[in-house]
Amino acid sequence: MTRVQERNESAWLIPNDGTRANHGLRRDMRRFADEDEIDLVIVGCGAGGSVLLQRLARAGWRVAALDAGPFWDPDQDWVSDEAGSHHLYWTEPRVIDGADPVPMGSNNSGRGVGGSMVHYAGYTPRFHPSDFHTWSQDGVGADWPISYPDLLPYYTAIEEELPVAGEHWPWGDPHGYPHRPHPVGGNGEVFLRGARALGITAKVGPVAIPNGRFGNRPHCIYRGFCLQGCKVNAKASPLITHIPDALSRGAEVRADSMVTRVAVDERTGRATGVHYVRGGRERFQRARLVAVAGYSIETPRLLLNSASKRFPDGLCNDFDQVGRYLMVQGAPQTAGRFDDEVRMYKAPPPEVSSEQFYETDPAQPYRRGFAIQNVSPLPITWAEHVAAQGHWGRALRDYMSDYVHWCTLGALCEFLPQPDNRVTLDDEQDRYGLPVARFSYSQCGNDTQLLHAAQRVMEDILHAAGADEVITIQRFAHLVGGARMAADEQHGVVDGTCRSFAVPNLYLTDGSVLPTQGSANPALTIMAVAARAAGLLRAGARGGMVV
Ligand SMILES: Cc1cc2nc3c(=O)[nH]c(=O)nc-3n(C[C@H](O)[C@H](O)[C@H](O)COP(=O)(O)OP(=O)(O)OC[C@H]3O[C@@H](n4cnc5c(N)ncnc54)[C@H](O)[C@@H]3O)c2cc1C
Ligand code: SF4
């Protein structure tokens with residue numbers, strides 16, 4: 001048995017017969033009754049919720065995770081097709097406003113067991129040590145109540161469990177990866193060539209796609225449908241990396257269960273469980289502890305929708321912190337045309353990245369930085385890229401016919417946390433009669449400067465590689481924040497252990513607790529934060545700490 005298998009058997013619990021879901025495990029999983037007071041109920045079974053579930057099930061806790069979406073079966077539910085993958089996204093209504101409203105839908109969050117990682121791209125970089133103290137170091141952003149060394153053992157553990165493949169990583173805290181880098185396709189080759197010509201360091205990885213077989217998960221077939229759910233089971237998502245092990249250790253996953261409210265005892269001020277709707281019926285799951293992990297928009301929305309006599313402005317919102325400091329990364333994508341065929345779709349979209357511009361450069365007028373990565377839009381997304389330039393009709397058709405000649409790079413710019421970039425409740429209601437989230441977003445001057453700088457570098461790389469035309473589309477990616485961790489309740493919603501300041505047995509363990517975001521894709525950090533919270537809960541329970 002390998003070391004990682006001793007800690008997490010998920011990859012070995014997937015069938016080895018050509019099918020992709022362990023139906024027996026799902027059929028025979030433990031099922032708790034609503035009236036059972038279980039140890040922990042988790043809202044949301046994505047990046048943060050699944051890791052917490054798996055860790056505490058292993059510790060023998062009576063734990064259940066409720067997810068609003070389905071329990072996906074890759075064989076039945078997924079197709080390697082852009083248009084056919086729409087059902088993976090959270091498409092419930094949301095209202096957007098602000099000076100730079102952020103479009104919701106496919107590019108923001110997922111719905112169903114596995115969460116947004118089911119259709120995420122698969123890049124899994126760590127945050128840099130500087131990300132945990134940007135305020136002290138650069139005078140912008142915020143300081144976390146924890147630092148990089150606090151997360152380091154959890155980064156390493158999760159990198160082994162996904163597992164992550166890549167070259168030795170020279171940036172941030174330099175480190176290696178458990179799997180060797182994948183071979184690169186045409187898109188990656190162009191990036192490496194252009195970067196080399198300019199003296200920019202670019203490396204292959206880090207991607208949560210094992211290089212070779214991992215347990216019963218097969219090798220990647222390099223067909224490029226990572227953002228459509230990876231029907232092959234090669235790309236990591238909690239559906240295959242943490243849920244099977246959690247089920248085998250006695251956890252329950254209750255799919256199609258929309259949580260509408262966290263209940264708090266008015267007398268004791270402690271959470272008592274969650275109200276949820278399943279099969280059209282309102283139900284209530286009792287629990288000793290509650291954790292919310294519903295993604296950066298739905299977590300603050302649920303807290304605000306859980307207002308009570310004791311918390312009239314929303315649960316944990318006595319200091320008006322819930323919903324604030326929500327962040328997106330600026331994510332412009334620049335495409336270059338080459339006479340030779342590139343065929344950017346013939347590889348996983350995540351291939352090569354550079355973090356050379358990640359840290360604050362004192363010579364620049366802006367603080368913090370950006371990362372550059374390969375992205376490989378499939379035809380519908382490519383059509384959006386072209387149409388954004390104003391091309392339509394004949395011109396659009398010509399660009400589409402030329403698809404195989406294009407290479408696309410994407411930047412992730414560290415947009416800064418701002419108190420007015422926030423989720424509030426709108427007057428509009430969803431199908432459960434709950435007020436929907438209104439997400440207001442505006443960029444600051446530093447954000448805009450970063451966008452321009454990143455676009456310039458991407459254009460330079462593509463020209464240096466031989467592109468004869470470049471076109472850029474402005475986009476956003478990766479929502480985090482909205483219920484951040486902080487040193488005290490006047491500056492955030494949870495402490496460094498993910499426990500809410502206001503309700504002693506309520507935890508938040510998803511991307512909403514991140515106070516800054518760096519220029520790194522966030523999933524690995526979200527999983528590491530949840531794994532750390534789980535470790536502290538286990539230790540607390542063993543030590544008799546009242547949680
Ligand atoms: C297109 C795309 C590409 C991405 N690419 C990358 C990438 O390459 N690398 C990376 O690191 N990150 C990437 N991300 C982001 C990453 O997937 C997310 O940051 C991460 O999954 C967020 O984790 P989470 O635990 O906060 O929420 P999620 O993983 O989204 O999980 C939240 C879960 O909660 C459920 N839920 C919400 N509200 C309720 C409720 N009221 N009741 C019950 N259930 C509820 C949802 O159904 C969902 O399953 C990408 C995201 C998208 C959309
Ligand atoms: S390219 Fe590899 S990881 Fe991506 S969807 Fe295809 S098999 Fe899965």
Side-chain angles (χ1 to χ4, degrees), residues 42-52 65-70 72 78 80 85 88-90 92 105-125 182 185 206-210 217-239 254-262 274 276-278 292-299 301-302 305 329 331 345-351 373 375-376 381 410 412 432 434 477-480 482 508-514 517 520-527 529-530:
I42 303 170
V43 181
C45 212
S50 302
V51 170
L52 187 68
L66 276 52
D67 200 286
W72 300 116
W78 297 352
S80 296
S85 302
L88 298 179
Y89 318 142
W90 186 285
E92 299 284 327
S106 64
N107 196 40
N108 281 302
S109 51
R111 180 172 164 277
V113 179
S116 306
M117 283 180 77
V118 160
H119 73 288
Y120 83 144
Y123 275 117
T124 42
H182 286 268
V207 299
I209 305 170
R217 280 167 57 193
H219 195 296
C220 170
I221 57 171
Y222 302 123
R223 218 159 50 103
F225 285 98
C226 306
L227 286 112
Q228 283 67 43
C230 186
K231 211 169 157 66
V232 175
N233 264 355
K235 186 197 73 174
S237 89
L239 185 69
R254 209 172 297 166
D256 304 306
S257 301
M258 173 71 183
V259 175
T260 53
R261 189 179 171 79
V262 176
V274 295
Y276 68 104
V277 179
R278 188 166 203 234
V292 181
Y295 193 78
S296 273
I297 293 205
E298 294 307 314
T299 288
R301 176 188 176 215
L302 180 61
N305 273 330
Q329 285 169 327
Y345 61 91
K346 270 191 167 295
E351 289 194 278
Q373 304 176 331
V375 291
S376 302
T381 320
L412 293 178
Y432 303 99
L434 297 172
H478 304 149
L479 275 72
V480 294
L508 309 183
T509 59
D510 61 0
S512 61
V513 304
L514 272 45
Q517 58 180 345
N521 321 58
L524 180 81
T525 299
I526 294 169
M527 291 180 132
V529 165

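Just so you know, these numbers use all the heavy atoms, side chains as well, and skip hydrogens, waters and symmetry mates. Small disclaimer: the values here were computed from a predicted structure and weren't measured. Just follow the structure's listing: the first ligand is 1, and inside any ligand the first atom is 1.
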Distance check, rounded to the nearest 0.5 Å: [X] atom [atom1] versus [Y] atom [atom2]?
| X | Y | atom1 | atom2 | answer |
| --- | --- | --- | --- | --- |
| D510 | T299 | CG | OG1 | 3.5 Å |
| M258 | L66 | CE | CG | 11.5 Å |
| I209 | E351 | CD1 | CD | 9.0 Å |
| D256 | D67 | CG | CG | 8.5 Å |
| R111 | Y295 | CZ | OH | 15.5 Å |
| W90 | I297 | CH2 | CD1 | 10.5 Å |

Below 3.5 Å, N or O to N or O, backbone or side chain included: is there any such pair between [X] and ligand 1?
| X | result |
| --- | --- |
| A68 | yes |
| W90 | no |
| G114 | no |
| G69 | no |
| A523 | yes |
| G112 | yes |
| G122 | yes |
| G48 | yes |
| P522 | yes |
| A121 | yes |

#### Entry: Verdict with supporting geometry, V43 and L302, side-chain contact (heavy atoms from CB on, under 4.5 Å)
CA-CA 10 Å; V43 181; L302 180 61; 3.9 Å; yes

### Query
Under a 4.5 Å cut-off applied to non-hydrogen side-chain atoms, are R223 and Y345 in contact?
no

### Message
Just to check, does S257 reach to within less than 4.0 Å of ligand 1 when the distance is taken from its heavy atoms?
### Response
yes

### Message
Can you tell me if L302 contacts ligand 1 (heavy atom of the residue under 4.0 Å from the ligand)?
### Response
no

Looking at [X], which atoms of ligand 1 are within less than 4.0 Å of one of its heavy atoms?
| X | answer |
| --- | --- |
| G110 | 46 (C), 47 (O), 48 (C) |
| H478 | 4 (C), 5 (N), 6 (C), 12 (N), 13 (C), 14 (N), 15 (C), 50 (C) |
| G511 | 26 (O) |
| Y123 | 7 (C), 8 (O), 9 (N), 10 (C), 11 (O) |

### Query
Is it the side chain (CB and beyond), the backbone, both or neither of I221 that lies under 4.0 Å from ligand 2, heavy atoms counted?
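Both backbone and side chain.
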
### Query
For P210, does its backbone N or O pair with a side-chain atom of K235 as donor and acceptor, under 3.5 Å?
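No; zero donor-acceptor contacts below 3.5 Å.
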
### Message
Just to be sure I read this right, does ligand 1 sit under 4.0 Å from the backbone of A477, its side chain, both, or neither, counting only heavy atoms?
### Response
neither

### Task
Check each heavy atom of A293 against ligand 1 and say whether those closer than 4.0 Å belong to the side chain, the backbone, both or neither.
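Backbone only; the side chain of A293 stays clear of ligand 1.
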
### Query
Using the ring of each side chain (for Trp, its six-membered ring), is Y89 parallel, tilted or perpendicular to H119, with breaks at 30° and 60°?
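Ring orientation of Y89 relative to H119: tilted.
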
### Identity of the nearest option to atom 4 (Fe) of ligand 2, non-hydrogen atoms only, from G122, G224, C226
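Looking at heavy atoms only, the winner is C226.
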
### Summary
Looking at H119, M258, E92, the heavy atom closest to atom 2 (C) of ligand 1 belongs to H119

### Task
Answer with yes or no whether the side chains of R261 and Y276 bring together a donor and an acceptor at under 3.5 Å.
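No, because no side-chain N or O of Y276 sits under 3.5 Å from a partner of the opposite role on R261.
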
